[in-house]
Protein chains: 2
Amino acid sequence: MVDPNADRAVFRQLADLLRDRILSGELAPGEKVPSELRLTQEYGISRTTVRQAMAVLRAEGLVVVDRPRGTRVRAAEAPETVTLRKGDTVIARMPSPAERRELDIAEGVPVMVVTRADGSTELYSGDRTELFYPPVSRR
Amino acid sequence: MVDPNADRAVFRQLADLLRDRILSGELAPGEKVPSELRLTQEYGISRTTVRQAMAVLRAEGLVVVDRPRGTRVRAAEAPETVTLRKGDTVIARMPSPAERRELDIAEGVPVMVVTRADGSTELYSGDRTELFYPPVSRR
DNA sequence: CACGATTTGTTCGTATGTATG
DNA sequence: TCATACATACGAACAAATCGT
């Protein structure tokens, strides 16, 4: 499964394996990922290495920790739509811990920064929000 | 500077200190962050703890590793503008390692996924790109 | 209510590898 | 060749929270 002599680091190989299982749906959203102890035994590697692999998946926003119950595949919420207007600009970046707390954003989920034509800015969870540029004037 | 008895973990305290120095401009973009060894000595903590703090900053996109020369404050590139059209939608997420490689995106930098009205999608570095909804027809 | 089992978090130490200057 | 700096990996220990008995 994982090869200590491969060019790729063991923790990256394990992250790849778990990522594949998540993206293929074998590990469904909300489902528990095998525990760290379990993974150390299954692959014959140290807990340090397992934790590095999990850190990779957390940073990618693929899993969230439900401590101390376990780590679960992140279940993306249905996005809410925010309407863009003429002259708006958008960039994306990772939130600071304070912003994460305020917007209740999980690890590994970016924010979209919408700068309105008047210069004001708004922050949206990249995960929970979908920006929309309307095709026709409404109403 | 850092308090082992505080509620907050030492590596988070160190990450906070360095983040403050970066955001305040004391550590300017492109500038080298103190080396791991230096930080272990300065704060009397283990290298493990220092590395965890650095991992936090990398995941936030604040620093990039220039190995083995050191770790530097990430210098954001001047964003290129991509024009949104009517009916487009935008979400943001972290890229997979493959996408990171292809788009040459640093750790801790998200991507914006633009879905065009015709259903096609385009990926842009959240860092290097600014989406723009034009106020008037140009040219 | 007490206790143990489970699971993730934090921190230390140690060792070796790789790339740069 | 040597020093520096980050990467990977092992082991160990204790903390905190939750859950079942």
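Reminder, nothing fancy here: chain letters follow the sequence lines and each chain counts from 1.
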(request) Give a yes or no on whether a salt bridge exists between B:R72 and B:E31, defined as a side-chain N under 4.0 angstrom from a carboxylate O. (result) no
(message) At under 4.0 Å between heavy atoms, how does the protein contact nucleotides 11-21 of chain D? Give one character per nucleotide, 5' to 3', with B, S or -.
(response) B-B--BBSS--
(request) Could you check how far CZ of B:R51 sits from C1' of D:dA9, rounded to whole Å? (result) 11 Å
(request) Could you tell me whether A:E122 and A:R116 make a salt bridge, using a distance below 4.0 angstrom between a side-chain N and a carboxylate O? (result) yes
(request) Answer with base, sugar-phosphate or nothing: what part of the nucleic acid does B:R12 contact at a heavy-atom distance below 4.0 Å? (result) sugar-phosphate
(request) Kindly point out which of C:dT11, D:dC6, D:dT8 is positioned nearest to the side chain of B:E36? (result) D:dC6
(message) Are more than 12 heavy atoms, taken from residues, nucleotides or ligands other than B:D118, located less than 6.0 Å from that residue's CG atom?
(response) yes
(request) Please determine if a side-chain N or O atom of A:T71 lies less than 4.0 Å away from the OP1 or OP2 oxygen of C:dT7. (result) no
(request) Identify whether the distance between the nearest side-chain nitrogen and carboxylate oxygen of B:E80 and B:R128 falls below 4.0 Å. (result) no
(request) Answer yes when B:R8 and B:D3 have at least one side-chain N-carboxylate O distance shorter than 4.0 Å, and no when they do not. (result) no
(request) Let me know the distance between CG of A:L14 and C1' of D:dC10, rounded to the nearest Å. (result) 16 Å
(message) So if I take every side-chain heavy atom of A:A9 and compare against D:dA9, C:dT11, D:dC6, which nucleotide ends up nearest?
(response) D:dA9
